[in-house]
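Working notes, beginning with the structure itself.
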Protein chains: 4
Amino acid sequence: MMSQNRLNELRGQVDEINLQILELLNKRAQIVTEIGKVHTELGNSFYDPAREAQMLQALEMANQGPFSNETIKALFREVFRASLDLEEKQAKAKIKVQRKSPDERTIITMPDGTQIGNSHFTVIAGPCAVESYEQMDETAAVLAARGVKFLRGMAYKPRTSPYEFQGLGEAGLKIARQVADKYQMHIVSEIMDMSQLQMMSDYVDVFWVGARNMQNAFLLKAVGQQQKPVILKRGFGSTLEEFLYAAEYIVSSGNPNVILIERGIRTFEKWTRATLDVGGVAVLKLESHLPVVIDISHSAGRRDIALPLARVARASGADGLMVEVHPNPPVAMSDSKQQLYLHQFNELMDELDKLEKQLAHS
Amino acid sequence: MMSQNRLNELRGQVDEINLQILELLNKRAQIVTEIGKVHTELGNSFYDPAREAQMLQALEMANQGPFSNETIKALFREVFRASLDLEEKQAKAKIKVQRKSPDERTIITMPDGTQIGNSHFTVIAGPCAVESYEQMDETAAVLAARGVKFLRGMAYKPRTSPYEFQGLGEAGLKIARQVADKYQMHIVSEIMDMSQLQMMSDYVDVFWVGARNMQNAFLLKAVGQQQKPVILKRGFGSTLEEFLYAAEYIVSSGNPNVILIERGIRTFEKWTRATLDVGGVAVLKLESHLPVVIDISHSAGRRDIALPLARVARASGADGLMVEVHPNPPVAMSDSKQQLYLHQFNELMDELDKLEKQLAHS
Amino acid sequence: MMSQNRLNELRGQVDEINLQILELLNKRAQIVTEIGKVHTELGNSFYDPAREAQMLQALEMANQGPFSNETIKALFREVFRASLDLEEKQAKAKIKVQRKSPDERTIITMPDGTQIGNSHFTVIAGPCAVESYEQMDETAAVLAARGVKFLRGMAYKPRTSPYEFQGLGEAGLKIARQVADKYQMHIVSEIMDMSQLQMMSDYVDVFWVGARNMQNAFLLKAVGQQQKPVILKRGFGSTLEEFLYAAEYIVSSGNPNVILIERGIRTFEKWTRATLDVGGVAVLKLESHLPVVIDISHSAGRRDIALPLARVARASGADGLMVEVHPNPPVAMSDSKQQLYLHQFNELMDELDKLEKQLAHS
Amino acid sequence: MMSQNRLNELRGQVDEINLQILELLNKRAQIVTEIGKVHTELGNSFYDPAREAQMLQALEMANQGPFSNETIKALFREVFRASLDLEEKQAKAKIKVQRKSPDERTIITMPDGTQIGNSHFTVIAGPCAVESYEQMDETAAVLAARGVKFLRGMAYKPRTSPYEFQGLGEAGLKIARQVADKYQMHIVSEIMDMSQLQMMSDYVDVFWVGARNMQNAFLLKAVGQQQKPVILKRGFGSTLEEFLYAAEYIVSSGNPNVILIERGIRTFEKWTRATLDVGGVAVLKLESHLPVVIDISHSAGRRDIALPLARVARASGADGLMVEVHPNPPVAMSDSKQQLYLHQFNELMDELDKLEKQLAHS
């Protein structure tokens, strides 16, 4: 019983010290905010590791325990980080792709009024690669009949081996443009290097930056300095944090119209080509106001689970899905195991339509 | 032009040889089937690596190219594997957990008629661990009001450190039983070692085998030799193939009532505790007739994405979901970041109800 | 220039506040240490989340910025954690497997004087599984001739499928014992369930806990309550932290003689069976005083890189290596691709001998 | 006994069929080789999926079991693949980076005679990034004194966030060149985009392609079309197969002087920044004749295990190591936790020197 009383007394002392520390932390934060303003005037970076090292050394010399020097340094490093956050928050806009309020969302509007990121669920579809006019035309006819407005028109294929099919190049872009015009669709096409930007602009409505180029800063800045929307694919070995920062490269270069596409990450599991990170999609929707689309083809690497994955994409809170469709998948020049037959695509759209009424208003 | 003619001629020759090889392969397969029967009589294993080694050696000696010895051996190894499959298929039932027809499904029926694996979507819920009667009672009241029939009543907690809370033990089971009886619910509880089987049988309705024990063959066989249903959790580092074989240990020991639970796998991503393998769930439903449940708590490790993950679970084709719910998550003795508040659980059920009508018949 | 002066002035103020915070933190730490003593008297856990929640609430109410409530709570959570560490450090011994001084090392001595963990590099070898007396005898003769003192005598094999070879059981142990006695070697053998402990003790010198059982708390405690040394294998999906805590289960149960074995972790890479975490071995040697051994067979899954991996193991600072050796690998009943031929084992020992003189004294 | 006789008789029949299949396979291979020549004349690709689909259909129609159509198709797909390999082998050189004989090795010779890939172990060192003349000069003086010939002179830093330090650019290259000339060293520097090639060529001796650009085909081809050696870093989410194919992009563009650098892959383990794939290095040395270097800084992300990792690199069969060294790591503008202090670098070289005599001749 005496122990309990003693406990309460000690706890009271701790409570008081807590409040004193709180007061000092906030006083310190105010001064640091002042310092931030001076840094801005001087054109300095806020982060000054030498200054931090000097403060830590002073603390280390003054420390008499019971906390060890390591603990004290760790605690103050947290204080430094928090202060730095504050400086940055005060002095300039925070990370642009980050959601600032629960209902903030980027809605991208195409010239014909089609939108991505609004309450409508967007389907992006088409073959893995442009192979011929007939192939594109046959596919687009089916997609257009189901209301699809975004057509894959891939003419440059980043391939593992230099000896694999690398795409038709500009000839493929011409085919894609022709077919898209016929069916009033938008062409989505991968850009692999910033040197292609000028030429591709004549054919393409939405630029696609692939998984292998997610951290190609030159390319990100280049597509950020033009005005067509950009679909940015998550690297198969990249964290969500890196993904958002890659988008920030584009947005901070001037182009706010970025669509994030989750395509599965690499894991030890072998029955699917990658592991679709659907929890990551939910987190992206919390953290960012950008539209997020799920690639149900590359994540699975197999067409036999396309239907459940389409339902999952629809239910996940994502703004759309991307699916590969080909008139004759077994003879496709790439990704033959994952592209849907045309009739399978129609089944998938039936499935989505069933979910639509229910979820559109949820 | 001559080249094209020559090509057609050569292709005709290849077509003919293909058919000859086909005939020989099937003739070989018939004989091997005979051999399989003899092996069964003799009580031998079908797989006889020494015999295979001897056949490969004979082929190597006879081979005169142009195929290299390595290629010839690789091709014949495929033939051996196919033949072995055939022997096994003929002589004994294949893997028991494997789906043999598209509509085959295991439906598990509890004594009160509650089912898992039928068209109804099952919710399993409750706190991470039994902490007190009040905690269980307060939680179960809310769950029961929403029609939940399966209550987590975890009394043994496998923990990373021996110094962490290890569960209340049999005292916890008693509390769980008492509360479950009050609300007419079934207790789901983790068994960590086969020595606990007898005692736990008095309290528990469904045995839970945790991720850390997914390949504990002794435990799997023990729960396979009793008749209560078993929930088997995928190891965080285990492939789908290993997961199904672990279930096979239980089923082949005599207990067909196994529920698979996907709980996320370990990856490099850090914003979620694990990466929910929703594509894996779709594959499991293709490959196996067993019910599959998605654990939306451990996969995420955070409660702020529980709603989208619940919708995803519902849409994925899984037979149910598992979610941790606690009257006061911040003071929970384990998993405090991922357990739902009671009001959040009600929101989750509202969300599921909205989806229910639509998907139940899809 | 004025800006620079202003900066220096503000920095001086920050320096002063830093020292005030430091003083308060240490004052707080002293009181918390007192509280820790009271908790020990009362038999309480040090960690009291409800108390923490209450302190955070008080701070939140008192906070007037500029730091946000989230930041203040995050900073104080760090303080709580540091204080908790201090309480634990004061009141009881820290984690037992953790190295307390740079030269602390556990050296395990067998009845015949053979040691593991001293300056000598230990080789553990033998076939994946005991298959016959001849197989064991032929292997052991070669191993013994090279001075190997620890023989794999695996009679229980945890296998993915219930239909694969599960080991010879007690008959296998008898063979292993007989052969080990003939060549004066120690038998290392896997225990899969604590029910086997009594029986296996008659045959086995060192217990082996496999990767699949690394977190089987019942088994860990059981081998911790007997006195024979235990080799603990890292789970293929387990972190180093979990690995050390699993060892702590054994050591805290009373058995200090634990050997850690790194066997590769699961990754997306397919050209090796697992990815040997050699950096992890270096970290384990920093963090723990226990001997660490590298399994060069299961990590690679292929025998053609055994030589470089043996050199790597020797150079890594590990205390030994484990390698599978079989008189006729292609007909082995398991792991046929990774077991070494006897002549390859001799080459491996030659390689190690070359390194030995150099590294033994480094 | 009768069973055994019957078994032997059936086995004899199988042996005979095996030889008949062998003969047909080789006859088929000869014809396919002919077809390959015709394809070359016609300028066709060897891979013709439509033709394969047609052959499979013919086999399916002719198949009468007992092998299922699926099995037959799987077996013939293997035959097709083997035949394709043969066609490709005949008609053109195989993958250029692949080792054709056990002693084939690429040795790269710099203008001053310094070599990489010969029996000498190469050390590449320097700070993470060029920060100032003083920093480079102070570092290079120490490195040069230890015989290091390759200096990191990184002026373009690919960073996760656009707001992090991105390098000094051309000003940094000038500093690096100046310092390298003073100490007669070679500058190794990262190129991030092919547009930098011309300008960088004036300063740089060896181009470095970073992990984020490993599959940037445009950049790979660009550095493949100039003659300075290229260090290619493995992507943190890339397989060994992809790594070798990325090197093939460079070599097949005309530049044979490629050095592979393994820098750790992404896994769930958190105590190191990445998981060094030392088994992968051993496999690379088997598969390819290119020099392989181990990056002991980025793989670990911590300097306290640099010594054991340096020993590991030396013992692994790699041709060299890369290590980050900085005069004052805590104030480095990037990677401050992993860069070595100058005195630590000297210790590391002492350690390597000890191993050198022994391993140089092994």
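Below, chain A is the first sequence line, B the second, and so on; all start at residue 1.
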Side chain / backbone / both / neither for C/S253 at chain B, heavy atoms under 4.5 Å
neither
Tell me, for B/T239 versus chain C, whether the close heavy atoms (under 4.5 Å) come from the side chain, the backbone, both or neither.
both
Salt bridge present between C/R266 and B/E242 (N-O < 4.0 angstrom):
yes
Which region of C/F236, side chain (C-beta onward) or backbone (N, CA, C, O), has a non-hydrogen atom less than 4.5 Å from a non-hydrogen atom of chain B, or is it both or neither?
side chain
From the list C/D277, C/T275, C/T272, side chain to side chain contact (heavy atoms under 4.5 Å, CB included) with C/T267 holds only for C/T275
Contact winner vs chain B - C/Y245, C/Y249, C/Y156, heavy-atom pairs under 4.5 Å:
C/Y249
For B/R303, enumerate each residue passing the side-chain hydrogen bond (donor to acceptor under 3.5 Å, both in side chains) test, keeping only those at least two apart in sequence or located in another chain.
none
State which residues pass side chain to side chain contact (heavy atoms under 4.5 Å, CB included) with B/H289; sequence neighbours excluded, sorted by chain then number.
B/E104, B/T106
